[in-house]
Every structure is written in C-alpha cells, then in structure tokens.
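Every chain is numbered from 1, with letters handed out A, B, ... down the list of sequences.
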There are 2 protein chains.
Amino acid sequence: MSTSERLIESTRELLWERGYVGTSPKAIQQRAGAGQGSMYHHFTGKPDLALTAIRVTAQEMRDRAEEELSAPGTAFERVSAYLRRGRDVLRGCPIGRLTQDPDVVADPALRRPVDETFAWLRDRLADVLAEGRDRGELDAALDPVATASAVVAVLQGGYVLARAAGSAEPFEQAVDGVLGLLAARVVPTPSP
Amino acid sequence: MSTSERLIESTRELLWERGYVGTSPKAIQQRAGAGQGSMYHHFTGKPDLALTAIRVTAQEMRDRAEEELSAPGTAFERVSAYLRRGRDVLRGCPIGRLTQDPDVVADPALRRPVDETFAWLRDRLADVLAEGRDRGELDAALDPVATASAVVAVLQGGYVLARAAGSAEPFEQAVDGVLGLLAARVVPTPSP
DNA sequence: GTCTATATGATGATAGAC
DNA sequence: GTCTATCATCATATAGAC
C-alpha cells in the first residue's frame with residue numbers, strides 16, 4: 001500500500017472511531033506511519049483528506065448494500081437480509097456518525113457524499129418495496145418511500161441505542177420490531 | 001441566573017451543537033460570560049461540568065416524553081403524538097448525539113445518564129404499547145418491547161437522515177413510515 | 001516524495017492575587 | 001467567588017533542505 005493509500009485508510013479508521021472534530025492530522029500521520037511532509041504533499045489539508053476518505057467509505061457502503069438488495073428472493077426477504085446482515089453494531093455506522101459532526105454538516109463538500117449515500121439507500125429500498133408490492137407480495141396500501149425511510153432510520157437509530165447501552169441488544173430489538181411490523185403487511189401465499 | 005447555572009446552560013448548548021470532543025472549556029466560559037477561575041471553582045473540570053449538563057438535559061427529555069405518553073387517548077394516539085411532536089429536527093437529539101462521542105461512550109460516568117434515558121424511554125413506550133394490546137386496541141400478536149425499540153430508533157435515525165439531507169423531510173417520512181406500519185396493527189373498532 | 005524545523009493559536013488546567 | 005497570569009501540550013499548518 002502506498003503512503004497516500006495508508007493515509008486514506010488511517011483517516012477512514014479515525015473518522016469512524018473519533019469523527020472529524022476528534023481526528024487530528026497528527027493522529028492520522030502516526031497511524032499511517034507517515035510524516036507531516038508526506039500528508040501535506042498528497043493532500044491540501046485535513047478537509048481534503050477527509051473528503052477522499054469519506055468518498056471511499058460511502059462507495060463501500062453502497063456496494064455492500066447493493067449485494068443484499070439485488071439478491072434473489074422476495075422483497076421482505078431482501079430487506080430482512082439487509083437488516084440482519086452481520087454488523088459490528090457497537091462501532092456504529094461510519095457514514096451515519098458523520099452527521100453528528102458539526103464541521104462535516106457545515107461544509108457542503110463534506111456533507112454531500114453523506115447525503116448522497118442515504119438518498120441512494122432510501123431510494124433503493126423504496127424500489128425493492130415497491131417491486132414487492134407490485135408483485136403482490138406486500139399489501140397494496142404500503143407506502144414504499146415512507147417505509148424505506150423508516151427502515152434506514154431504524155438501522156441508524158439502532159446504532160445510537162446500542163452505543164448508549166453498550167450492547168447490541170437494543171439494535172437487534174429495533175430490527176426485530178420493524179421487521180415484525182413489516183411482516184404483518186406480507187400478503188399470505190395461497191397454499192398449492 | 002447564577003454563574004454556575006450559566007456555565008451549565010452554556011455547556012448544555014455546546015454539547016448539543018458540537019458534542020463533547022468539540023466543546024472546549026474556553027468556549028463554555030465565553031458563552032457563559034465567566035472566567036477560567038469561575039469554572040474551575042464550581043466544577044473540577046470539563047468532565048464534571050459535562051456530567052452535570054448531561055443530567056439536566058436527560059431529565060428534561062424524560063419529563064417532556066412523559067407528558068405525551070401519559071396523556072389521555074389510545075396507545076396509537078399517544079405514540080403518534082410523541083413522534084409527531086414539534087421538534088427542531090436539524091439540531092438533532094441532545095442526548096442521542098452524545099453516543100457518537102468517543103470520550104462519552106468510553107467514560108462510564110458520562111455514558112450512564114445517556115443509557116438510562118434511552119432505557120427508560122423504551123420501557124415507557126413498551127408499557128404504552130402493551131397496555132394498548134391488553135385493552136384490545138392493538139393486535140394481540142404485537143411485540144411491545146421490539147416495537148418500542150423500533151419507534152425510538154426511528155426517531156434517532158430520523159435525526160441522522162435529516163442532518164445528512166440538510167432537511168427535515170426524511171425524518172418526517174421515517175415517522176410516517178413507522179406509524180403507517182403500526183396503524184395496520186390497530187384493531188378496528190366495531191361501529192356502534 | 002519525504003523529512004525536519006518553525007509558527008500561531010487553541011486546549012485543559014494550575015497558582016495565586018483580589 | 002472571581003480574576004489574571006502562567007504552563008505544557010496539541011492542532012494545523014508553512015518553509016525549505018534532502
């Protein structure tokens with residue numbers, strides 16, 4: 001891995017662990033095993049490096065979600081697989097946590113990839129739900145867009161509850177809760 | 001307001017706006033109109049002041065929630081009133097945002113009031129839902145604990161989505177989504 | 001490309017006068 | 001109780017040698 005790549009990886013880790021405000025150039029350099037000169041040669045400063053790191057993490061998150069959401073199965077099965085995928089819950093969401101960073105939210109360039117990631121995710125989930133509804137798998141009265149937003153919110157809020165509790169349990173309960181509600185909207189298949 | 005109270009209020013505001021890591025003693029003092037000596041006379045340091053501030057905010061949040069959840073009405077009406085209460089969505093939740101602060105989560109004393117607040121809220125919502133189920137207002141198969149966790153998670157996640165988007169819209173959609181799912185579990189009242 | 005100075009201001013606190 | 005030094009360290013760079 002090149003010095004530039006190591007700097008990006010270090011920044012990705014630190015942004016996840018400590019956020020933008022809590023991450024110093026010095027800490028990035030130390031974790032990457034690089035000096036000050038290297039960092040300021042490859043990047044104009046902390047915002048530039050952070051933007052690069054955020055973009056990589058955002059792309060990774062989209063790719064991972066697309067895997068589950070484009071898999072075969074009913075809409076309910078795919079949403080369920082996405083929500084129940086193994087996660088290191090107590091670490092939280094590397095993109096969602098950035099929304100609590102005042103300097104990220106205040107800078108349009110830094111906020112943009114965060115915004116786009118969640119917008120894409122809600123749209124993608126809404127598509128899956130709308131498809132399930134149109135196929136007759138889900139209740140015709142289900143609102144795909146609102147439900148998709150609720151599903152993404154449960155994930156992000158689940159992380160918050162888990163970190164507050166110091167345990168993954170509230171996250172799992174919240175996922176159980178929303179899937180339980182959604183399951184009640186699944187149209188029963190006529191027996192063969 | 002005494003100097004001590006002004007210091008607490010300033011800390012509450014700054015913790016909400018910038019988090020624990022992003023809040024400096026100097027900023028607290030300036031906003032409170034107090035000198036260094038005053039702050040270190042009344043409090044042992046930043047953690048002590050933050051703990052006091054967090055406790056006040058947590059109590060305020062519980063009192064406010066209790067108002068809506070103990071109001072008259074069906075379980076669905078009370079949960080709905082709680083979720084739809086007017087909120088300054090883009091500011092986020094003053095307690096939930098602390099879960100993204102590494103120094104808060106790492107310090108058991110600071111994390112405790114955050115943990116207790118969410119534990120209380122989930123329990124209280126679960127009580128309301130269980131009561132509604134036992135009264136026959138809600139489907140007997142509804143899981144009160146899991147559903148309560150999902151409701152709180154939608155709120156916390158809604159803030160995340162709203163701050164990412166720079167708009168309250170995703171928050172409102174998420175609330176619509178979970179209430180739409182819950183409404184489908186309301187047992188129809190027999191017409192008189 | 002990487003390194004070592006060097007610089008300005010902030011951070012989080014202590015000491016002691018008033 | 002409040003104020004003004006004073007302090008060591010960190011944050012975020014820039015300059016210039018190698």
Side-chain angles (χ1 to χ4, degrees), chain A residues 1-56 97-98 100-111, chain B residues 1-56 97-98 100-111:
Chain A
M1 209 169 14
S2 70
T3 299
S4 162
E5 285 168 337
R6 287 204 317 281
L7 284 164
I8 295 170
E9 281 309 300
S10 302
T11 306
R12 296 216 300 142
E13 291 171 16
L14 284 164
L15 285 180
W16 195 354
E17 292 168 20
R18 306 198 41 86
Y20 184 83
V21 168
T23 296
S24 69
K26 189 179 189 179
I28 293 170
Q29 293 151 24
Q30 283 177 341
R31 191 173 291 214
Q36 295 239 100
S38 288
M39 185 186 131
Y40 286 101
H41 171 75
H42 292 288
F43 302 93
T44 64
K46 180 175 161 178
D48 182 27
L49 184 44
L51 179 57
T52 306
I54 292 170
R55 282 185 175 146
V56 172
R97 74 112 47 242
L98 298 172
Q100 304 304 325
D101 240 307
D103 293 0
V104 170
V105 173
D107 182 339
L110 290 178
R111 185 168 65 77
Chain B
M1 208 167 19
S2 70
T3 300
S4 162
E5 286 168 337
R6 287 204 316 281
L7 284 164
I8 295 170
E9 281 310 300
S10 300
T11 306
R12 297 215 298 141
E13 292 170 16
L14 284 164
L15 284 180
W16 195 353
E17 292 168 21
R18 305 197 43 84
Y20 183 83
V21 170
T23 296
S24 70
K26 188 178 189 179
I28 293 170
Q29 294 150 23
Q30 284 177 340
R31 191 173 292 212
Q36 295 239 97
S38 288
M39 185 186 131
Y40 286 101
H41 171 76
H42 292 287
F43 303 92
T44 64
K46 179 176 161 177
D48 182 28
L49 184 43
L51 179 56
T52 305
I54 291 171
R55 282 186 175 144
V56 172
R97 74 110 49 240
L98 298 172
Q100 304 304 325
D101 240 306
D103 293 0
V104 170
V105 172
D107 182 339
L110 290 178
R111 184 168 64 78

Report task. Salt-bridge test for D101(A) and R97(A): reply yes if a basic N is under 4.0 Å from a carboxylate O, no otherwise. Result -> yes
I'd like a table of donor-acceptor pairs (distance under 3.5 Å, sequence neighbours excluded) in which one partner is a side-chain atom from residues 37-44 of chain A, with atom names and distances.
none

Report summary line: note: Q30(B), atom CD; dG12(C), atom P; distance rounded to Å ~ 13 Å
Query raised in the report: Does any residue of residues 2-13 of chain B have a heavy atom under 4.0 Å from DNA chain D, and if so, which ones, in number order?
Result: T3(B)
Requested in this report: Measure from the side-chain N and O atoms of T11(B) to the backbone N and O of A53(B), and report whether any donor-acceptor pair falls under 3.5 Å.
Outcome: no
Query raised in the report: Taking the side chain from R6(A) and the backbone from A32(A), do they hold a donor-acceptor pair closer than 3.5 Å?
Result: yes
Query raised in the report: Rounding to a whole Å, what distance do you find between H41(B):NE2 and dA13(C):P?
Result: 17 Å
Query raised in the report: Which pairs with one or both residues in residues 46-55 of chain A pass salt bridge (charged side-chain N to carboxylate O under 4.0 Å, His left out), sequence neighbours excluded?
Result: none
Report summary line: Heavy-atom contacts, protein to nucleotides 12-18 of chain D, under 4.0 Å, summarised as B (base), S (sugar-phosphate only) or - (none) per nt, yield BBB----
Query raised in the report: Is any side-chain N or O of H42(B) closer than 4.0 Å to OP1 or OP2 of dT2(D)?
Result: yes
Report task. Rounded off to whole Å, could you give me the CZ-to-C1' distance for the F43(B) and dG1(D) pair? Result -> 13 Å
Query raised in the report: Could you state the CG-P distance from D103(B) to dT11(C), rounded to the nearest angstrom?
Result: 14 Å
Query - Heavy-atom pair of closest approach, residues A50(A) and L15(A) - result: O-CD1, 4.1 Å
Query raised in the report: For E9(B), what residues pass the salt bridge (Lys or Arg N to Asp or Glu O under 4.0 Å) criterion, not counting sequence neighbours?
Result: R12(B)
Requested in this report: With sequence neighbours excluded, tell me which residues meet side-chain contact (heavy atoms from CB on, under 4.5 Å) with Q30(B).
Outcome: K26(B)
